[in-house]
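Notes for the one structure printed next.
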Number of protein chains: 4
Amino acid sequence: MKHSAVRQTIIDTASDLFYNNGYNLTGINEVIKEAGIAKATLYSHFKSKDELCSAYLQHKHGTFLEAFDTYVNDVPKGKKRITAIFDFLKEFYESEGFNGCWCINTISEIPKEKIELRTEIKNQKNEFRDVLLNIIKDSLPELKPKKKKELANQIYLLYEGAVSESFLHGEVWPIDSAQSICKILLA
Amino acid sequence: MKHSAVRQTIIDTASDLFYNNGYNLTGINEVIKEAGIAKATLYSHFKSKDELCSAYLQHKHGTFLEAFDTYVNDVPKGKKRITAIFDFLKEFYESEGFNGCWCINTISEIPKEKIELRTEIKNQKNEFRDVLLNIIKDSLPELKPKKKKELANQIYLLYEGAVSESFLHGEVWPIDSAQSICKILLA
Amino acid sequence: MKHSAVRQTIIDTASDLFYNNGYNLTGINEVIKEAGIAKATLYSHFKSKDELCSAYLQHKHGTFLEAFDTYVNDVPKGKKRITAIFDFLKEFYESEGFNGCWCINTISEIPKEKIELRTEIKNQKNEFRDVLLNIIKDSLPELKPKKKKELANQIYLLYEGAVSESFLHGEVWPIDSAQSICKILLA
Amino acid sequence: MKHSAVRQTIIDTASDLFYNNGYNLTGINEVIKEAGIAKATLYSHFKSKDELCSAYLQHKHGTFLEAFDTYVNDVPKGKKRITAIFDFLKEFYESEGFNGCWCINTISEIPKEKIELRTEIKNQKNEFRDVLLNIIKDSLPELKPKKKKELANQIYLLYEGAVSESFLHGEVWPIDSAQSICKILLA
DNA sequence: AATGAATGAGCGTTCATTCAT
DNA sequence: CATGAATGAACGCTCATTCAT
């Protein structure tokens, strides 16, 4: 197996385990056993569990953004596309293995001193806000720049709240609620 | 020192440590050292770390609800009181030691099998929604019952999102954003 | 409750727990909880768990000897009475809560240095051998003294083996086997 | 040191300690200190103390059976070989570190729920009975099968009783007594 | 590049016992 | 005389990481 293929196997395996069972609750031994590799192999690809955590976050982020873009861009521009953001979330919520937001989950598990991981998480969220802003720019070009940014932040806030709360309660209403608020904001 | 006083010392100490540094990242040894008690003393008051976790969650919830009620009920009834919810949050955010939501933080740290803790967390959130609903009933009696409940859920969602996001970014804008949306909903 | 009554309650409770669940596996807390007394009350009656262990052994021994005497002396003198020893054991084996020999069980659980407990156990066994010897003297007066003693030791050995092995296997055959050997010895 | 060598070192060390000082009275810390290994090393070889206990029992059993076979098969076939069983036991009793029967000792120390260990112990005893039966088959082929099995059980019972009692009293007479009974049975 | 045995530090928990009240 | 809160020491066990091969 190619070097990079092993690396990807590790990331995929770790991602599933970290996301499903929690970062601290998943031991290195579990990862290597599931990935079918030796312990030192893991440490030759990632110099610490934290570094693997970083790779996990990036992997989830990349996969998410791709799925998100694909879904949303498939919807006609305009307000429809904006509210489709929450349709996407509903699908995400209903998909097998939904476990809330990896960023929120992970930030609770790591000590404050681990600046690099916390920065990674902030960056992801900021990038997601940019993605939302671009969708707005595309879909609602008539809005003033300031208004666009404000709306992006609002939708971001609703989205994040809906992820957390639908997960916490195990119920879909927070997503519906977020979407209904979104429609009001667009009115 | 009275028995119940020791118990409260343990809860206070554990609460600070769990909330500031994380539940799993805080060892029992740290709690007893900080509380100045022996390990067996802790275990005579709480039969497991999980039980102490439960006490921690309840302590935070109780303290929070009291401060919340005091603050909000001090504001004249009506829309003012509703939007004051986010003024309270801003004070909470700016207070020393703000570390986001103990529920969201804790639920990320515990395995799925720990039903009791997860139930405790859900109950707290539902109770908070009820508190919001009662404020609405008090402040906006003219609304239809269904509308009241819907509004309570919306404000709950905004509040929760604002807590998480202000903490994650270390910035106040999510609270402002939530409040501005709230005002729109009340318009 | 009278002082001595409390003491007896403790001994009875501890005896049941030590015998059924093992000496080391039974904690002081379990004893006091079951006996319905305070911890310091126990320690006012027994200055250590070892001392309670001693009382437990003596209690079992006394109860046993009484039941044994009653049973055996009810059988007509002669060889019948000797072999009835194993009928008694069969009843003991079949009684609820049979858990082998408290001496053998306990001696495995305590460190070699605890001479007092080990002596207590040896004394019990020697006393039991004397009891057997007396039964033989009573039942088979025609035997020579040396033969009596030899027979007592043999029956003792068979009895002890039968207790241990019936318990270990959870089967009655070792008692039958012991009895059949006994009959040969008497022939 | 080879992997399997470390494993054997652990078993040897644990066996000495468990057998001499008792299973519950011997902590894992004592085992690793004596074996000169790290705690996690022990747990990489045995996933629990119980599993180590199982290895200890098997080790004692194996060593015992080998010594037993060697000794007994060195004696000419016939009644001599049968009674030599107790000569072997006398040597065992007189050997340094004799501490009774590991099975009897261990079964007193473990809770009833530990079925696996209790089964292991029963199996060892049954295997020993089979060994005795085979010696009888070899040595006294003229006996009827039923008689052979009966005799095996009787000798087993005498042997077990003699082990326990010689250990308990610290005296050799139970072995002599058992052997004398054995001779009667063979007469 | 890959292995897996070995580690030191720490985990949550339980014990028999003491002592101020 | 009885209480029960508090203790220090030890328990069995798991962790992320290293290093000789």
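- One atom, CZ of B:F46, and another, P of E:dT14, lie 15 Å apart when rounded to the nearest Å.
- Here E:dC15 presents its C1' atom at 9 Å from NZ of C:K49, a figure rounded to the nearest Å.
- At least one side-chain nitrogen or oxygen of C:Y43 sits closer than 4.0 Å to the OP1 or OP2 atom of E:dT17.
- Between A:H45 and E:dA1 there is no side-chain N or O to OP1 or OP2 distance below 4.0 Å.
- Without hydrogens or angle criteria, C:K49 side chain to C:Y23 main chain gives a donor-acceptor distance under 3.5 Å.
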Discussion item. Applying side-chain contact (heavy atoms from CB on, under 4.5 Å) to B:D16 and B:E34, what does each step give before you reach the verdict?
Written reply: CA-CA 10 Å; B:D16 283 354; B:E34 200 73 19; over 6 Å; no

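- Going from atom CG of B:D50 over to atom P of E:dC11 covers 16 Å, rounded to whole Å.
- For D:L25 and F:dA10, the CG to C1' distance is 13 Å, given to the nearest whole Å.
- Regarding contacts with the backbone of F:dA5, every side-chain N or O of B:T41 stays at 4.0 angstrom or more from both OP1 and OP2.
- E:dG12 atom P lies 15 Å from atom CD1 of B:I110, rounded to whole Å.
- Across all strands, A:T26 comes closer than 4.0 Å only to sugar-phosphate atoms, never to a base (heavy-atom distances).
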Worksheet entry | side-chain contact (heavy atoms from CB on, under 4.5 Å) evaluation trace for B:T106 with B:L117 | CA-CA 9 Å; B:T106 303; B:L117 286 173; 5.6 Å; no

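- Side chain of A:T13 to backbone of A:T9: a donor-acceptor contact under 3.5 angstrom is found.
- Which of E:dG12, E:dA2, F:dA6 sits closest to the side chain of B:I28 comes down to E:dG12.
- In this structure, the CD1 atom of B:I37 is 16 Å from the C1' atom of F:dG4, given to the nearest Å.
- Taking only side-chain nitrogens and oxygens, D:N29 never comes nearer than 4.0 Å to OP1 or OP2 of F:dA10.
- In this structure, B:Q8 places its CD atom 17 Å from C1' of F:dA5, rounding to the nearest Å.
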Practice prompt. Dot-bracket notation for DNA chain F is requested: 5' to 3', Watson-Crick or G-U wobble pairs only, both distances under 3.5 Å, with ( ), [ ], | and . as defined.
Written response: .||||||||||||||||||||

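- Aromatic pair A:W102/A:F64: ring centres closer than 6.0 Å.
- Taking 3.5 Å as the limit, the base of E:dT13 and the side chain of B:K47 contain no donor-acceptor pair of atoms between them.
- Atom-to-atom, NZ of B:K33 to P of E:dG10 comes out at 11 Å; the value is rounded to the nearest Å.
- Considering only side-chain atoms of D:A38, the nucleotide from F:dT7, E:dG8, F:dG12 that sits closest is E:dG8.
- At distances below 3.5 Å, at least one donor-acceptor pair connects side-chain atoms of A:E109 with backbone N or O atoms of A:N24.
- Donor-acceptor pairing under 3.5 Å, judged by distance alone, is present between the side chain of A:K39 and the base of F:dT17.
- Closest-nucleotide positions on DNA chain F for D:A40 and D:N24 were compared, and the one nearer the 5' end corresponds to D:N24.
- Among A:Q58, A:K60, A:H59, the single residue meeting the side chain to side chain contact (heavy atoms under 4.5 Å, CB included) criterion with A:I11 is A:H59.
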Item to complete: For A:D50 and A:E116, run side-chain contact (heavy atoms from CB on, under 4.5 Å): C-alpha distance rounded to whole Å, both residues' side-chain angles, the deciding distance at 0.1 Å, then the answer.
Response: CA-CA 9 Å; A:D50 282 351; A:E116 285 174 28; over 6 Å; no

